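Notes follow once the structure below has been shown.
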Amino acid sequence: MVRPYAAVVESIAELRPWMPWAKETPTLELEEEVMRHAHVQFMARSDLMLLLFHRASGELIGASGLHRIDWSVPRFEIGYWIRTSYSGQGLMTEAVSGITAFAFYTLGARRVEIRCNVENERSAAVARRAGYTLEGILRHDERHHLTGALRDTMVFAQVRDDDE
Ligand SMILES: CC(C)(COP(=O)(O)OP(=O)(O)OC[C@H]1O[C@@H](n2cnc3c(N)ncnc32)[C@H](O)[C@@H]1OP(=O)(O)O)[C@@H](O)C(=O)NCCC(=O)NCCS
């Protein structure tokens with residue numbers, strides 16, 4: 001089983017402010033549990049975790065996925081993080097664009113969302129570069145996992161009509 005453990009450990013300082021699961025550096029045992037659970041969810045089509053590999057080096061460079069799925073629409077939310085040594089090259093924008101096309105044209109999506117904290121400028125920049133439109137800001141919809149402060153969340157989306 002491929003595990004993103006080394007990439008998570010390398011990137012923990014960049015992940016910690018934005019990803020609740022990165023509050024503590026995960027152990028290898030916990031990471032294996034997470035990956036086994038993700039595999040089960042993928043088979044059940046309840047959540048689709050995707051691992052990202054660099055074409056030239058073959059290295060695991062991050063993870064993404066289609067989450068909060070509603071197959072009756074169908075609707076998905078894309079999440080993502082990149083390995084620190086591969087950031088700043090446009091690779092996540094390329095991945096998110098590809099996963100968006102996969103959601104619309106292979107899975108029949110009618111709506112794909114990206115949600116991020118209003119302070120997460122790098123994540124918002126990925127959404128904008130990948131062609132997403134900011135639909136609104138959900139005020140005070142969460143508490144920050146490190147500080148407990150109230151968080152505002154940006155909701156970006158792309159949609160496709162039934163007759164497109
Ligand atoms: C959000 C996150 C994935 C963004 O990563 P990133 O490396 O900035 O995004 P990309 O891979 O798309 O790279 C964009 C950068 O590459 C540059 N770039 C170079 N070539 C490029 C190309 N061909 N196409 C697009 N951008 C390119 C862009 O100008 C941008 O540079 P900048 O950082 O100086 O503005 C990363 O910061 C991260 O993992 N954060 C922690 C987890 C997180 O917050 N996830 C999102 C939760 S909602």
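Remember, it's a predicted structure, so these values are computed and weren't measured experimentally. First listed ligand is number 1; within each ligand, the first listed atom is number 1.
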Can you tell me the protein heavy atom closest to [atom] and the distance?
atom: atom 11 (O) of ligand 1; result: M92 N, 2.8 Å
atom: atom 45 (N) of ligand 1; result: Y80 O, 2.7 Å
atom: atom 12 (O) of ligand 1; result: T93 OG1, 2.5 Å
atom: atom 21 (C) of ligand 1; result: Q89 O, 3.6 Å
atom: atom 24 (N) of ligand 1; result: G90 CA, 3.9 Å
atom: atom 6 (P) of ligand 1; result: R122 NH2, 3.6 Å
atom: atom 30 (C) of ligand 1; result: R129 NH1, 3.9 Å

Residue [X] vicinity, atoms of ligand 1 by number, heavy atom under 4.0 Å:
X: S87; answer: 7 (O)
X: N120; answer: 43 (C), 44 (O), 46 (C), 47 (C)
X: V126; answer: 4 (C), 9 (O), 12 (O)

Does ligand 1 come near enough to [X] that some N or O of the ligand is less than 3.5 Å from an N or O of the residue?
X: W18; result: no
X: W81; result: no
X: Y86; result: no
X: C116; result: no
X: R115; result: no
X: M19; result: no

Give the contacting part of [X] toward ligand 1: side chain, backbone, both or neither, where contact means a heavy-atom distance below 4.0 Å.
X: N117; answer: neither
X: E14; answer: backbone
X: I82; answer: both

Check your understanding: Does the pair E10 and R83 meet the rule for a salt bridge (charged side-chain N to carboxylate O under 4.0 Å, His left out), with working shown?
Key -> CA-CA 7 Å; E10 175 190 308; R83 188 174 192 149; 3.0 Å; yes
Point to revise | Contact check, G88 vs ligand 1, heavy-atom distance below 4.0 Å | key: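 The answer is yes, since G88 has a heavy atom less than 4.0 Å from ligand 1.
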Exercise for review: Flag atom 39 (O) of ligand 1 as yes if some protein heavy-atom distance to it falls below 4.0 Å, otherwise no.
Suggested key: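 Yes, there is one.
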Considering all heavy atoms, the nearest [X]-[Y] contact:
X: G58; Y: F53; answer: O-CD2, 3.6 Å
X: T147; Y: H144; answer: OG1-CB, 3.3 Å
X: R111; Y: V159; answer: NH1-CG1, 4.1 Å

Review point. Does the side chain to side chain contact (heavy atoms under 4.5 Å, CB included) test come out yes or no for I78 and S64, once each step is laid out?
Key: CA-CA 7 Å; I78 299 187; S64 181; 3.6 Å; yes
Check your understanding: If you count the non-hydrogen atoms of other residues, nucleotides and ligands that lie under 6.0 Å from NE2 in H54, is the total more than 12?
Key ->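 Yes - once you tally the heavy atoms of other residues, nucleotides and ligands closer than 6.0 Å, there are more than 12.
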Review point. Given the rule in the side chain to side chain contact (heavy atoms under 4.5 Å, CB included) test, do T100 and Y132 qualify, once you have shown the distances and angles that lead to the verdict?
Key: CA-CA 10 Å; T100 302; Y132 283 74; 2.6 Å; yes
Check your understanding: Is a side-chain donor or acceptor of R122 paired with a backbone partner of N120 at a separation under 3.5 angstrom?
Key ->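 It does not hold such a pair.
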Point to revise | N/O donor-acceptor pair under 3.5 Å between N117 side chain and T153 backbone | key: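 Absent.
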